[in-house]
Enquirer: 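What follows is a single structure, and I will ask about it in a moment.
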Amino acid sequence: MSNVATLTVNGQTIELPIIESVEGDRGIDIRQLRQKTGCITYDPGYGNTGSCKSAIAYMDGEKGILRYRGIPIEDLATHSSFVETAYLVINGELPTREQLNRTSVQLNDHSLVHEDMQIFYQNFPRASHPMGILSAMVNALRSFYPELIASDKDFEEVYVRLISKIRTMASVSYKISRGHKVEYPRPDYTYCANFLNMMFNTPVKPYILRKELVRALNVFWILHADHEQNCSTAVVRSVGSAQTNIYASISAGISALWGDLHGGANQAVIQMLIDIHEKGVKVKDVIKRAKDKNDPFRLMGFGHRVYKTYDPRAKIMKKNCHDVLDRLNYEDPLLDIAMELEQIAISDPYFIDHNLYPNVDFYSGIMLRAMGIPTNMFTVMFAIGRLPGWIAQWRENMQDAEQRLTRPRQVYSGYTERPYIPIDER
Ligand code: ACO
């Protein structure tokens, strides 16, 4: 295979080097393009633009493959824990038993949040969305821990603090939103068990931990741990490219994840299913609207920028969802509606022609609902899972000598030069 691409612009032919990949798309190196031709590339949404070289996650959208550091998502979901997967994503290798134990001890040591942060929580209006609160609180960590600047020396402490505290912060925001007493983390519980306990234990009704739910939560977070250059990760890298601290960079990623087209889809799916269930909207009418070019409505939880086949995470999530509902003996009419929607959509020519299949968000909300997680916390759950990926990608960007300040160009479409007209003459 040739390792140069030739491009002819206005009769002038230039050669552009091709960057080899280990697997998947190769990259045409266009760094000299503007200088040599006076042209830039035009790629809204960056669907054809490689912004970095990365060794963290590999996806094949046609074959439905996802691997973290080379290990298939299916193997991790079957055998690993979220903490072990987070270690892998961030450090590049699976931990030894000793390394994993050390990480668990550190996660416990850093699990408390500064008591002063609770004052912040108390002052958000009651109706605030937990994603807005989470984004603000993660940004605020920089003020509470100014000594930590994620240099090589203290990077481990920074990332462990972030992973540990985000779980505590999320559960505190839930407790405060309900007007309940905050539940502190317990050193004798694992990461996921601790989260469930902090969310649901109350002085009057002790939370009974069920190991199936702890496992299901591990799987849920493993499936979300990284997804290469998705919208929120690209934001984290972009903000970090200005040498912005890790807390502010990740806070920006949380804001990006909040959107309905990205992580907010898990909440939007449930809303769509509730509308069908409670307002008597017919499934076939929902499909009809999704196909109508003149209607902005989309079938939430369907479609993906990269996957043009069934999202491999969605396959695992679907099974995880069924398992949790079975174990809890929980009947949810929304699951029946979701399965009916999927059946109709995957055999409909529109969805087949557009390569639209369920993505990870399609079944995740139903599982979270059965676990007792409130709908407005769904995207927060996604954010906790995605944190290892954001950390790893922020770090990789910082360490990559080829990276520069993110600064795309534009094809200008406004006025050419024109005179200023004084206000009385307009
Ligand atoms: N329902 C109906 N039609 C859809 C859907 C959908 N869910 N998704 C894409 N399409 C159609 C578009 O209308 C468009 O049709 P056209 O070519 O005939 O005009 C075509 O498929 C391509 O759509 P784009 O928006 O260009 O595709 P893009 O790659 O930009 O979008 C996205 C990907 C945003 C995920 C889209 O599929 C979508 O909006 N899905 C619903 C929201 C969702 O589930 N988001 C979660 C994604 S996974 C994640 O972030 C964790």
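Counting convention: from 1, in listed order, for ligands and their atoms alike. Nothing here was measured: the structure is a model prediction, and the numbers come from that model.
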Enquirer: Which bit of Asp361 gets closer than 4.0 Å to ligand 1, counting heavy atoms only: side chain, backbone, both or neither?
Expert: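 Near ligand 1, Asp361 shows its side chain, while the N, CA, C and O stay back.
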
Enquirer: Is it the case that atom CZ in Arg327 sees more than 12 heavy atoms from other parts of the structure closer than 6.0 Å?
Expert: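 Count not over threshold, so no.
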
Enquirer: Does atom 10 (N) of ligand 1 have a protein non-hydrogen atom under 4.0 Å from it?
Expert: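 Yes, because at least one protein heavy atom sits under 4.0 Å from atom 10 (N) of ligand 1.
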
Enquirer: For atom 35 (C) of ligand 1, what's the nearest protein heavy-atom neighbour? Residue, atom name and distance, please.
Expert: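 For this ligand atom, the closest protein heavy atom is Gly303 O, 3.7 Å.
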
Enquirer: For atom 48 (S) of ligand 1, which protein heavy atom lies nearest, and how many Å away is it?
Expert: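 Minimum-distance protein heavy atom for atom 48 (S) of ligand 1 reads His304 CD2, 3.6 Å.
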
Enquirer: Starting from atom 16 (P) of ligand 1, locate the nearest protein heavy atom and write down its residue, its atom name and how far away it is, to 0.1 Å.
Expert: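 It is Lys293 NZ, 3.2 Å.
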
Enquirer: Check this for me - ligand 1, Phe302, N or O atoms closer than 3.5 angstrom, yes or no?
Expert: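 Yes; the residue has a nitrogen or oxygen that sits under 3.5 Å from a nitrogen or oxygen of the ligand.
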
Enquirer: Give a yes or no on whether a salt bridge exists between Glu23 and Arg67, defined as a side-chain N under 4.0 angstrom from a carboxylate O.
Expert: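 A salt bridge is present here (some side-chain N lies under 4.0 Å from a carboxylate O).
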
Enquirer: Taking both backbone and side-chain atoms of Tyr350, is any N or O found less than 3.5 Å from an N or O belonging to ligand 1?
Expert: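 Yes; at least one N/O pair falls below 3.5 Å.
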
Enquirer: Please state which option from Arg305, Met272, Met300, His227 has its nearest heavy atom closest to atom 33 (C) of ligand 1.
Expert: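 Checking each option, the heavy atom nearest atom 33 (C) of ligand 1 is found in Arg305.
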
Enquirer: Out of the candidates Tyr307, Trp390, Tyr58, only one should pair with His227 under the ring pair (Phe, Tyr, Trp, His ring centres under 6.0 Å) rule; please name it.
Expert: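 The passing option is Tyr307.
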
Enquirer: For atom 12 (C) of ligand 1, which candidate among His262, Arg313, His354, Arg298 provides the closest heavy atom?
Expert: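 Shortest heavy-atom distance from atom 12 (C) of ligand 1: Arg298.
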
Enquirer: Mind listing the closest non-hydrogen atom pair of Arg237 and Thr406 along with its distance?
Expert: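 The pair with the smallest heavy-atom distance is O-OG1, 4.5 Å.
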
Enquirer: Nearest non-hydrogen atom to atom 43 (C) of ligand 1 belongs to which of Ala265, Gly259, Ala268, Ser232?
Expert: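 Answer by nearest heavy atom: Ala265.
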
Enquirer: Indicate yes or no: does Glu20 engage Arg26 in a salt bridge with an N to O separation below 4.0 Å.
Expert: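 Yes.
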
Enquirer: Verify, without hydrogens or angle tests, whether Thr309 (side chain) and Gly64 (backbone) share a donor-acceptor contact under 3.5 angstrom.
Expert: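 Side chain of Thr309 to backbone of Gly64: no pair is present.
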
Enquirer: Are Glu342 and Lys318 close enough for a salt bridge, meaning some N to O gap below 4.0 Å?
Expert: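 Looking at Lys318 together with Glu342, the answer is yes, because their closest N to O distance falls below 4.0 Å.
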
Enquirer: Under a 4.0 angstrom heavy-atom cut-off, which atoms of ligand 1 come close to Ala290?
Expert: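 Numbered from 1, ligand 1 contributes 2 (C), 3 (N).
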
Enquirer: Measure the acute angle between the ring planes of Phe200 and Tyr174, then classify it against the limits of 30° and 60° as parallel, tilted or perpendicular.
Expert: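 Correct class here is perpendicular.
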
Enquirer: Quick check on Asp109: does its CG atom have over 12 non-hydrogen neighbours (other residues, nucleotides or ligands) under 6.0 Å away?
Expert: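 Enclosed.
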
Enquirer: Please determine if Leu299 has a nitrogen or oxygen closer than 3.5 Å to a nitrogen or oxygen of ligand 1.
Expert: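 Indeed, backbone or side chain, Leu299 has an N or O that close.
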
Enquirer: Ignoring angles and geometry beyond distance, decide whether Val360 reaches within less than 3.5 Å of ligand 1 through its nitrogen or oxygen atoms.
Expert: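 There is no such contact.
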
Enquirer: Please indicate, with yes or no, if any protein heavy atom is found under 4.0 Å from atom 27 (O) of ligand 1?
Expert: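 So atom 27 (O) of ligand 1 lacks protein heavy-atom neighbours under 4.0 Å.
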
Enquirer: If the cut-off is 4.0 Å to any non-hydrogen atom of Gly301, which atoms of ligand 1 fall inside it?
Expert: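 Counting atoms of ligand 1 from 1, those under 4.0 Å from Gly301 are 43 (C), 44 (O).
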
Enquirer: Taking atom CD as the centre, does Glu93 end up with more than 12 heavy-atom neighbours from other residues, nucleotides or ligands that are less than 6.0 angstrom away?
Expert: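 Not more than 12 within 6.0 Å, no.
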
Enquirer: Mark whether atom 20 (C) of ligand 1 lies under 4.0 angstrom from at least one protein heavy atom.
Expert: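 Neighbour list for atom 20 (C) of ligand 1 includes protein heavy atoms (cut-off 4.0 Å).
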
Enquirer: To which protein heavy atom is atom 46 (C) of ligand 1 closest, and what is the distance rounded to 0.1 Å?
Expert: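 Checking every protein heavy atom, the shortest distance to atom 46 (C) of ligand 1 gives Leu261 O, 3.3 Å.
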
Enquirer: Below 4.0 angstrom from a heavy atom of Phe382, which ligand 1 atoms are there? Numbered from 1 as shown, please.
Expert: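 Under 4.0 Å from Phe382, ligand 1 has these atoms: 51 (C).
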
Enquirer: Walk me through whether Asp400 and Lys53 qualify under salt bridge (Lys or Arg N to Asp or Glu O under 4.0 Å).
Expert: CA-CA 9 Å; Asp400 183 348; Lys53 294 174 190 163; over 6 Å; no

Enquirer: If every non-hydrogen atom of Ala345 is compared with every non-hydrogen atom of Leu299, which pair is closest and at what distance?
Expert: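 So the two residues come closest at CB-CD2, 4.1 Å.
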
Enquirer: Nearest to atom 8 (N) of ligand 1, what protein heavy atom do you find, and at what distance?
Expert: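 Atom 8 (N) of ligand 1 sits closest to the protein heavy atom Leu356 CD2, 3.5 Å.
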
Enquirer: Hey, does Phe362 sit under 4.0 Å from ligand 1 if you only count heavy atoms?
Expert: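 Flag not set, Phe362 not near ligand 1.
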
